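In listed order, ligands and their atoms are each counted from 1. Remember, it's a predicted structure, so these values are computed and weren't measured experimentally.
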Amino acid sequence: MSGKPFQPSWPTFAGPAEQTAEDAQKFLASIVEQSEDAIIGCTPDAIIVSWNRGAEKLFGYGSQEIIGKNLVVLATNKAAPLLRTAVERMKRGKAIFPFDGSGMTKDGRCIEISCSASPVKNADGTLMGVAAIIRDIGERKRAEEARALVAAVVEFSEEGIVAVSLDKKVLSWNRGAEAIYGFSAEEILGKPVFSTIIPPERQEEYDKSFARVVAGETLVRFESERRRNDGTRFDVALTYCPVKNQNGKVIGVSAIVRDITQAKATQQALNEANENYRALIHNIPDVIWMIDSNDQIKFLSPNTEELFGYSTAECYARGTSILFDSVHPDEAEQVLRSFQLFFDHGAPFDMEFRIRRKDGDWRWVRNRAIQTFEKDGLRYASGLITDITQRKVAEESLRESEQRYRLLFERNLAGVFRCSQVGSFLDCNDAGAKILGYDSREDLVGRSVMDVFFDLADKDASDQRMAQYGTASSQELSLRRKDGSSVWVMANTTMIPGATGTEIEGTFLDITLLKQAEEQMRMAKEAAESANRAKSEFLANMSHEIRTPMNGVIGMIDLALDTDLTSEQRDYLATVKSSAGALLEIINDILDFSKIEARKLELERVPFSVREVVKATVKEFSVQARNKQLSLQSDFSADLPDIAIGDPGRLRQILMNLVGNALKFTDQGEVMVRVIRLHDDILQFSVSDTGIGISPDKQKTIFEAFVQADTSSTRHYGGTGLGLAIVSQLVALMQGRIWLESKPGNGSTFYFTARFSLGIAVPIEDHTQHCEERAAVIPSRKLHILVADDNLVNLRLARSLLAKQGHSAVAVGSGREALAALEQQSFDLVLMDVQMPNMDGFEATKVIRAQERISQKHLPIVAMTAHAMSGDRERCLAAGMDSYVTKPVDAAKLFIAIKDALPKDSASNPSQSESTPLRAQAPHTIDLDH
Ligand code: ADP
């Protein structure tokens, strides 16, 4: 090969028409020479013949070095076969289309190249050589790879990366954007952003920022709001950059979008947590502290100021000394020592001590350590300080009150004790020990409560009351003293929760003296009661003793009045009879009063007409009223029931008294008896008069026994002062009350109420009528009657009364004589006085009845008694008597009693065999005629 550079011909080059072919050749040669690409000319055997500057720059060989060498030197081992194949093609005159491969530089570097080659033929078409154009494509490839990398990064970025054209249409939309907005790239590419992802109210903001970016500004990380495909809003952080072309002209805007909803929520939560934490620190009443080994305060909660009086700033400035300098001198040393142990070795630190505030006040605090730790070569400790002043004050006052209680306990004059429920003394004061006869508190404590009880039933009763009510108060107990003697105490006990479980606490007082006084009083009361009973008995006996002779007096006067008398004698006897009657009335009053006092008066419960009782009373006084020219009326309310159940006799007695008084103390005008029904079973009676009236002070005492309104009235009007006392007691027995309204000179009204069973339809027994009827049916047959009475006058009277009715009588003076008489004679009936010497009526009756159990007969016996006390009738009937009559004997009542005692069919049938045995010998009887 010659050293002349190969001058290739450019058969297809068309130069300007006016230039010569030589100029064209030169021009072309300079283009080849100046080309950046390597243009290499080769022979058909690939021997390099021309080498331009581009080739020199690319491969590093100078043209002298390389011309004459095979082209293959420029190929890497890997590319050499490919090059040879290309050379073979070129030899066959075929063109080589551009292909990429690798070449080898002079200094052995491998470079990326793009190669194309064209055959160079002469005018006859003979292959003269090959022109190869080689271009360094390393730079381009790297740029392409870089671009691909960026595209991949963009595509797969989690952040949305979006490009928008100047007319705000979406140009690119990565997967991040798809995920954030919910639009796929296909859906959104080419569409205007504001119709899809910009919320309307953010439109303006968007336009402004867009304009700024278009003007060349980059907006880094600003927050806004965007809209997803599903319409939901979310917070975003955006970075907008202008997109420029090669000329630096802005052709669009790129946006990096980050969904910060979660981040915002997290931030929010964090902020809240911080806020809470701050509030917590502020609100914790305790002071929280943290210090380090440099004596610096690292943290102090704001309430420090409240506790110490120093502001937190002052504390921070003074360091840890502020915590220790303020400790009370008494405790300072120990606090410091313990704190040092805690700080250096982590020993527990929890102390209560006093600190002095800035203002000089002392406060009690509890300082507790929380932890110690090391960080960055420093040691830290933290803890809590609590203000416990109030608790300490409360503890102190509790201690003082306990002290006071203890003194109260110890100095109490009453015994104070506490014992366990199982029953041993846990505590006791000296007074208690002394009451129970022990030397001291120590002597009693520890003993069993059983030691002080005589009777365990007392303890059980007390325990039961406490179990039921929690306390047992005012218990009077007889307790055993240490020496075995007894002491009476008044105890109050309570169950309380105590250290040993439920405990019993109590106080007790020595009431032995009180008990003794009480016993004496009780005895005195009993004595008084028995004296009162004795008085009542005495009164009852007296009335018997007085009524019996009165019986005789009145009976005899009656008998005497039946005989032939001169008018003077008759007049005397009539006066005696009236005096005797008055005397009997007084005796009856005294008897009634004593019976009521002795609580021996019982009320009857029989059906009767109130109206009739009132009318009968009024009728009884009609003559007396007429004599005083007074009007005496009765009045009944319309709703007064016809029938009442109660005691008509006692009602009559009340009315007799009140109407009697009214007439007695009224000289002109009227007396009115009214009855109204108050309610249910209560009737109200009133007796009003137009008489002398009663002064107010006397009204108060008038119902007391033996009281008269005016002592002078006794002389004027007579009376015992017992009437109203009996009336008021009878009213009380009828469960009513009595009162009066009166003005001196203007008359009086006595009111009383009484309870009856009302409105029951029961036929009423008309006693008066009944008595008369029965008196009329006195046995027509003549009876032979034994009269037993120790009083001769009564015997005579009875016999006379019987004789008047045509009966025969035998009189005896005692029970024993009566039995003797019965053995000798047969009697139709016995009139038996109950009180007789030798053998009384009860006993005699019992003997008779005992004998009759063998004989199977029944002798009628009528009891006669002056005892009008309650229960007499029952006693007589229980003794076997058939009926009962009180003395002084009233003829009518006597015959009713005889009739009641006789067998029902014997009233009219004479019978000789009433009694046994038959008369055997002359009876030992009393001769009444002598
Ligand atoms: P006495 O049987 O003595 O009358 P009372 O107890 O019946 O006793 O009456 C006590 C006194 O009350 C009478 O003495 C009389 O002074 C006064 N007294 C009772 N009823 C009346 C009355 N209707 N008018 C005025 N004074 C009366």
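- Counting only non-hydrogen atoms, the option in Leu658, Val659, Asn661, Thr749 that gets closest to atom 19 (C) of ligand 1 is Asn661.
- Centroid-to-centroid, the aromatic rings of Phe750 and Phe685 stay 6.0 Å apart or farther.
- A salt bridge links Arg849 with Asp882: the distance from a Lys NZ or Arg NE/NH1/NH2 to an Asp or Glu carboxylate oxygen falls below 4.0 Å.
- In this view, Arg652 and Glu620 satisfy the salt bridge (Lys or Arg N to Asp or Glu O under 4.0 Å) rule, not counting sequence neighbours.
- Counting the atoms of ligand 1 from 1 in the order shown, those under 4.0 Å from a heavy atom of Ser748 are 24 (N).
- Residues Gly841 and Met836 share a closest heavy-atom pair of N-CE, 3.7 Å.
- Contact between Val618 and Ser634 at its shortest, heavy atoms only, is CG2-CB, 4.1 Å.
- Legend: salt bridge (charged side-chain N to carboxylate O under 4.0 Å, His left out) pairs involving residues 722-740, not counting sequence neighbours: none detected.
- Using a 4.0 angstrom heavy-atom cutoff, Lys664 counts as in contact with ligand 1.
- Residue Phe703 places no heavy atom under 4.0 Å from ligand 1.
- Not close to ligand 1: Gly691, with no non-hydrogen atom less than 4.0 angstrom away.
- With no hydrogens or angles considered, no side-chain donor-acceptor pair links Asp828 and His807 at under 3.5 Å.
- Between Asn657 and ligand 1, not a single N/O pair is under 3.5 Å apart.
- Neither the backbone nor the side chain of Val727 has a heavy atom within less than 4.0 Å of ligand 1.
- Ligand 1 has a nitrogen or oxygen under 3.5 angstrom from a nitrogen or oxygen of Leu724.
- If you look at Ile694 next to ligand 1, the close heavy atoms, those under 4.0 Å, all belong to the side chain.
- When each atom of ligand 1 is checked for a heavy atom of Ala662 under 4.0 Å away, the hits are 23 (N).
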